[in-house]
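The figures that follow rest on heavy atoms only: side chains count, while hydrogens, waters and symmetry mates do not.
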Amino acid sequence: MAQRPKIYATEDARLLARKRLPRLIFDFIDGAAGREVGARRNEARFDEFLLQPRAMAEIGTRSTATRFLGREYGLPLGIAPMGMCNLSRAGADAHIAHVATERNMPVGLSSAGSSSMAEMRDWAGDLAWFQLYFGQSAEASFAVADRARDAGFDTLVLTVDVPEVSRRIRDQQNGFNVPFRMTRRAFMDLALHPRWSLSTLIHGVPKPRNFASDNKTFDRKASRAGADWGFLQALRDRWTGKLIVKGITSPMDATRVQRIGADAVYVSTHGGRQLDSAPPAIDLLPIIRTAVGPEYPLLFDSGVRNGEDVVKALALGADFVMLGRPVLYALAAAGQAGLRQLIGCFAEDIDLAMAQIGVSRIDDIGTNNLFTAEQHSLHPDTTQRPMPLKAAN
């Protein structure tokens, strides 16, 4: 019996996923918009932010527990809503939900998810959030939100950064489409990966499950420009639970979302999958934090690849961080066990980074934990800590 691979980092999971998945599936997960410069920029920019180690701090009783939107979580980390997760591995959504439940993490189910609302609620309970894309019309979109409410979801994530689906060149080169159409090239690709292909045939080819009750109206390339300010206001008036608006990169948009009454802004460049020329997502965090003030809840994703990245995002203004591609890499690499290993790596990295920078609680992480030459010149007395960008919860 072959030994299950060990995953020590996102890079391990990605390399294994690349070997085990058909090329068109790996490229769908791994790819981004245009020349994919934006996706690479999101990751690379994290390396330019440095954390300031501190010695002899009282860090013997550290905790990664985090309170966000009125609920306690085990980590300042959740799993972002992603479409068609079951393409990475049969049963991926269930695996995600089970690991999230073990770790007490929120898990997003996408409108384009390959499992139903009822299934995700059954697996993850109140940890499950539902992500809403604008559908064929405002009425159809409200109907999906109503179904999510009736299924028991309390948190709705409205994604607003896909007015039109961007051109993803790898998908075009591979002939990737939803619904799937078999081509000669695709046939050869699938034949070279029999384990994935047979498992997918046995469990059924994944398809979007949540756009409409008849599941016949999904068009991956359909315009979603109807998710405008009027729609957001109407949705806020209609949805009585927590409302998060995802895909915000402008401080002006963030403050407008705040005024409309959304419970949180989710800073994201869609992992570089929408606008190749977008600024690095991590650079947007402090700008938007300044715009909305220290107490307004902010989530973040795009480019996060390890636990130190999570700590950097928190220091730059995020209250909570969501994880996308690495989750699918880990599932493709080694299933539920692979995801469990990777989340364990993130949790350990967060805890160890906290020890190194001298903090014992997530709420204590702030701008003072970032290294800057200017900070040292402005604060020669190291006992004086500058105020963090975000307020303590």
Hydrophobic cluster membership, with links at side-chain heavy-atom distances under 4.5 Å among I/L/V/M/F/W/Y: are F49 and I350 in one? yes

Check step by step if side-chain contact (heavy atoms from CB on, under 4.5 Å) holds for F46 and N306. CA-CA 10 Å; F46 269 99; N306 59 46; over 6 Å; no

D363 backbone acceptor or donor facing R67 side chain under 3.5 Å: no

Same cluster or not: W229 versus V265, using hydrophobic residues (I, L, V, M, F, W, Y) connected whenever any side-chain heavy atoms lie under 4.5 Å apart? yes

Is the closest side-chain heavy-atom distance between H95 and R340 below 4.5 Å? no

Test side-chain hydrogen bond (donor to acceptor under 3.5 Å, both in side chains) applied to R238 and Q233, step by step: CA-CA 9 Å; R238 187 184 189 107; Q233 183 65 71; over 6 Å; no

Taking it one step at a time, do R325 and D301 satisfy side-chain contact (heavy atoms from CB on, under 4.5 Å)? CA-CA 10 Å; R325 284 187 186 92; D301 76 20; over 6 Å; no

E11/R14 under salt bridge (charged side-chain N to carboxylate O under 4.0 Å, His left out): CA gap, chis, key distance, verdict: CA-CA 5 Å; E11 293 76 13; R14 182 181 180 276; over 6 Å; no

Looking at R149 and D146, is there a salt bridge between them, counting it only when a charged N and a carboxylate O are closer than 4.0 Å? yes

Would you call the rings of W129 and Y73 parallel, tilted or perpendicular if under 30° counts as parallel and over 60° as perpendicular? perpendicular

With a 4.0 Å cut-off on N to O distance, would you call R170 and D30 a salt bridge? yes

Under the criterion side-chain contact (heavy atoms from CB on, under 4.5 Å), I'd like the reasoning laid out for V160 against D253: C-alpha separation, chi angles, the key distance, then a yes or no. CA-CA 11 Å; V160 297; D253 290 346; over 6 Å; no

With Q131 as partner, the option from N210, T155, T159 fulfilling side chain to side chain donor-acceptor pair (under 3.5 Å) is T159

Please assess T249 against D161 for the test side-chain hydrogen bond (donor to acceptor under 3.5 Å, both in side chains), listing each intermediate value before the final yes or no. CA-CA 9 Å; T249 59; D161 59 357; over 6 Å; no

Hey, can you tell me if F142 and F231 have their rings parallel, tilted or perpendicular (30° and 60° cut-offs)? parallel

Parallel under 30°, tilted from 30 to 60°, perpendicular over 60°: which one fits the rings of W123 and H98? perpendicular

